Amino acid sequence: MIYNHHIKSFVIKIGLVVGLLISHDAWSLNAPIVAKKGLVVTASQIASDVGALILNRGGNAIDSAVATAFALAVTHPTAGNIGGGGFLVYRTSKGAAYTYDFRETAPAGASADMWLEQGQYSFNRHHRSHLSVGIPGTVAGLFMAWQSHGSLPWDVLIQPAIKLARKGFPVSHQLAASLERALPRFSDHPASMAQFSNSGKPYKPGEILEQKDLGRTLERIAKHGPEGFYTGKTAELIVREMVRGSGLITLEDLASYQAKRRDPIVGTYRGYEVISMAPPSSGGVTLIQMLNVLEGFPISEYGYGSAAYMHIAVEAMRRAFLDRAKYLGDPDFYLGSRISELASKNYADNQRSNINEEKASKSELHQIRPHRESEDTTHLSIVDKERNAVSLTYTLEWGYGSGIVVPGAGFLLNNEMGDFNAVPGLTDKRGLIGTKPNLAEPNKRMLSSMTPTILAKGGELFMVTGAPGGRTIINTVLETIVNVVDFEMNAQAAVDAARFHHQWFPDKIFVEKQGFSPDTLALLDSKGHVLMERERQGRSYTIVVNSVDNRLEAGVDNRLRDAGVGTHD
Ligand code: DON
């Protein structure tokens with residue numbers, strides 16, 4: 001540790017010299033995009049520009065988030081959606097915090113054993129069939145947040161998305177490649193093929209993708225609000241598709257869907273206030289549990305990329321993800337969840353006391369191993385000129401969700417029911433979880449890992465962040481925060497830095513390929529960790545307020561080429 005410290009002060013001295021020579025803006029290799037008034041960071045440059053346009057027209061962060069989310073439903077069909085669900089965290093410039101839960105719900109006909117086929121668990125039923133579709137929440141959630149905090153008219157916010165759907169937009173290289181990979185899944189559903197292929201052939205980069213049916217659905221939503229989605233023509237088209245594919249969703253299920261405003265979960269980390277999403281997302285609780293454990297270690301001295309830091313972080317992850325599996329589910333159904341206890345400093349003290357700094361703990365087999373999760377969710381971070389901030393993560397679950405486009409309505413249905421545990425009581429080595437809190441029940445919300453998060457310090461906004469990536473989301477958000485707070489990285493450097501992930505089971509650290517020194521990996525191995533390389537871990541969409549001059553700095557994740565920033569100067 002003394003050695004580390006020594007190196008650190010040496011690097012700081014060089015940094016100061018270079019910094020003085022170049023000016024403090026240019027010090028980092030990874031320069032963030034900056035703006036004075038407002039920033040919008042998303043997975044799609046076109047959608048970020050829509051968000052910035054709304055800010056430029058005098059809209060606030062919520063207006064911009066609504067417009068951006070609808071635009072992403074057109075330009076980023078992998079995860080942007082109106083047929084899925086998610087969570088929105090909003091902090092006003094005055095420090096009030098609100099969260100909106102628009103997670104999908106199970107249809108009234110759902111049951112815990114609905115994934116069984118002749119007594120056997122069926123992965124296809126759980127993840128690929130019409131039974132995998134939950135009641136979409138996005139339209140209701142965006143409307144609820146806008147009703148409370150929006151300033152521009154609702155229909156004005158949807159117009160950019162309508163135009164993009166009707167007139168089309170050029171397909172990027174990234175989207176062309178992604179759609180081509182998804183074509184085999186679309187091929188079971190004629191409406192999906194019609195919408196996302198060019199007469200059966202993959203779209204080429206630069207070709208225009210028009211989505212006329214989606215444009216008409218968006219017009220109904222612009223005109224009638226949520227009723228344009230949950231009742232009338234759109235609802236009828238959804239139910240018709242359910243009947244065609246033996247799904248469960250009824251007109252009544254749609255009409256009775258309700259988004260919810262919930263209390264945020266709030267923790268502290270080294271003097272920063274951390275505002276995040278409470279269950280039915282596991283994200284906020286699990287994030288705060290891990291931050292509480294890390295707070296007891298001098299990780300800024302250990303340094304980014306050191307085995308000492310990664311070891312402690314992994315031990316915090318291991319413990320928090322076990323609790324997630326044991327205790328968390330929809331709080332309206334499962335009263336056994338112990339949110340405030342899990343997120344308390346005392347609980348972290350207890351967990352810290354059984355971490356050995358030299359040796360990895362072991363995850364026990366009789367506990368839980370996760371089921372398969374894909375990495376196709378998306379996030380948007382927005383700050384406006386008043387310093388109101390929105391952190392919003394939403395998803396269809398897999399990329400393109402169930403792969404089912406509603407015929408005549410032009411949008412993809414989620415396969416979020418796959419986030420419910422598979423079979424009651426069946427927890428096995430292949431990764432199924434059977435614990436009670438997250439079994440399917442009528443009208444229940446499935447547990448999520450989405451972690452839209454906002455940090456403040458001394459009453460002022462400091463950071464807005466979030467990520468896609470299934471269960472890795474929580475660790476990506478954790479590491480982005482630690483990179484900024486402990487390792488003093490700017491937003492871009494914090495987002496670029498290589499990531500790692502542990503989630504209790506499998507008992508392995510997943511590390512981004514070529515992101516970490518072989519020496520670090522060897523040290524982790526010698527502590528008893530099992531390491532596994534992976535290509536990429538999620539993406540982070542992050543805004544940090546520069547405390548020197550109060551300007552906004554964006555970190556854009558180059559792991560996804562389409563990602564982009566909209567600015568308001
Ligand atoms: O809610 C959840 O945690 C998952 N359905 C999110 C899925 C996800 O992040 C996939 N991709 N990026």
Side-chain angles (χ1 to χ4, degrees), residues 42-44 72 76-81 83-89 99 101-106 126-128 132-138 141 174 178 181-182 185 276-287 320-321 324-325 328-330 370-380 391-403 412-422 431 433 437-438 440 444-453 465-478 499 501 503 510 534-541 557 559-560 562-563:
T42 81
S44 148
L72 278 168
H76 186 58
T78 335
N81 69 80
F87 303 98
L88 183 156
V89 177
T99 66
D101 161 5
F102 48 99
R103 184 67 161 166
E104 298 90 329
T105 53
H126 195 189
H127 296 279
R128 286 185 199 276
S132 72
V133 183
I135 321 298
T138 297
Q174 178 113 16
S178 163
R181 280 195 301 275
R185 282 175 61 210
S276 193
M277 195 65 221
S281 182
S282 62
V285 192
T286 308
L287 172 70
F321 274 84
R324 174 191 184 279
L328 301 183
D330 183 341
H371 57 273
R372 182 181 176 281
E373 274 167 326
S374 70
E375 299 209 351
D376 293 287
T377 295
T378 197
H379 178 86
L380 52 100
S391 183
L392 183 160
T393 315
Y394 71 157
T395 188
L396 291 162
E397 163 58 352
W398 285 4
Y400 308 100
S402 61
L412 282 157
L413 291 167
N414 66 82
N415 62 338
E416 215 77 54
M417 295 288 279
D419 275 358
F420 278 120
N421 291 347
I433 301 176
N438 189 34
K444 187 175 177 180
R445 285 156 148 86
M446 55 298 282
L447 186 66
S448 172
S449 298
M450 290 187 269
T451 316
T453 300
T465 190
R471 230 165 278 195
T472 67
I473 291 172
I474 318 175
N475 289 335
T476 296
V477 170
L478 172 81
R499 303 188 186 117
H501 173 73
Q503 57 174 34
F510 293 87
R534 64 179 301 161
E535 289 293 325
R536 282 186 294 268
Q537 179 178 320
R539 284 147 215 135
S540 172
Y541 301 98
D557 206 321
R559 290 168 182 83
L560 179 72
D562 287 353

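All values below were derived from every heavy atom in this structure, side-chain atoms included, with hydrogens, water molecules and symmetry-related copies excluded. It should be emphasised that the depicted structure is a prediction, and the values quoted were computed from it without experimental measurement. Indexing begins at 1, ligand by ligand and atom by atom, following the structure's order.
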Practice problem: With heavy atoms under 4.0 Å as the rule, classify the contact between I473 and ligand 1 as side chain, backbone, both or neither. | Solution: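 The part of I473 near ligand 1 is the side chain, not the backbone.
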Practice problem: Answer with side chain, backbone, both or neither: which part of R103 has a heavy atom less than 4.0 angstrom from an atom of ligand 1? | Solution: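 The side chain, only.
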Practice problem: Say whether T476 and Q537, considering side chains only, have a donor N or O and an acceptor N or O under 3.5 Å apart. | Solution: yes
Quiz item: Can you tell me if T286 and R324 form a side-chain donor-acceptor pair at under 3.5 Å?
Solution: no
Quiz prompt | Ligand-residue contact atoms, ligand 1 with E416, heavy atoms, under 4.0 Å | solution = 1 (O), 4 (C), 5 (N)
Exercise. Check if M446 has a non-hydrogen atom at a distance under 4.0 Å from any atom of ligand 1.
Key: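 No, that is not the case, since the closest heavy atom of the residue is not under 4.0 Å from the ligand.
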Practice problem: Considering only NZ, NE, NH1 and NH2 on the basic side and carboxylate oxygens on the acidic side, decide whether R103 and E416 come within less than 4.0 Å. | Solution: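 A salt bridge is present here (some side-chain N lies under 4.0 Å from a carboxylate O).
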Quiz item: Are the charged groups of R536 and D557 less than 4.0 angstrom apart, N to O?
Solution: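 Here R536 does not pair with D557 in a salt bridge, since their nearest N and O are not under 4.0 Å apart.
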Quiz item: Which of parallel (below 30°), tilted (30 to 60°) and perpendicular (above 60°) describes F510 and H501?
Solution: tilted
Exercise. For the residue pair H379 and Y541, categorise the inter-ring angle as parallel (less than 30°), tilted (30 to 60°) or perpendicular (more than 60°).
Key: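 Aromatic pair H379/Y541 classed parallel.
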Exercise. With atom 4 (C) of ligand 1 as the reference point, say which of L447, I474, D419 has the nearest heavy atom.
Key: D419
Do any nitrogen or oxygen atoms of [X] lie less than 3.5 angstrom from nitrogen or oxygen atoms of ligand 1?
| X | value |
| --- | --- |
| T377 | yes |
| P468 | no |
| G470 | yes |

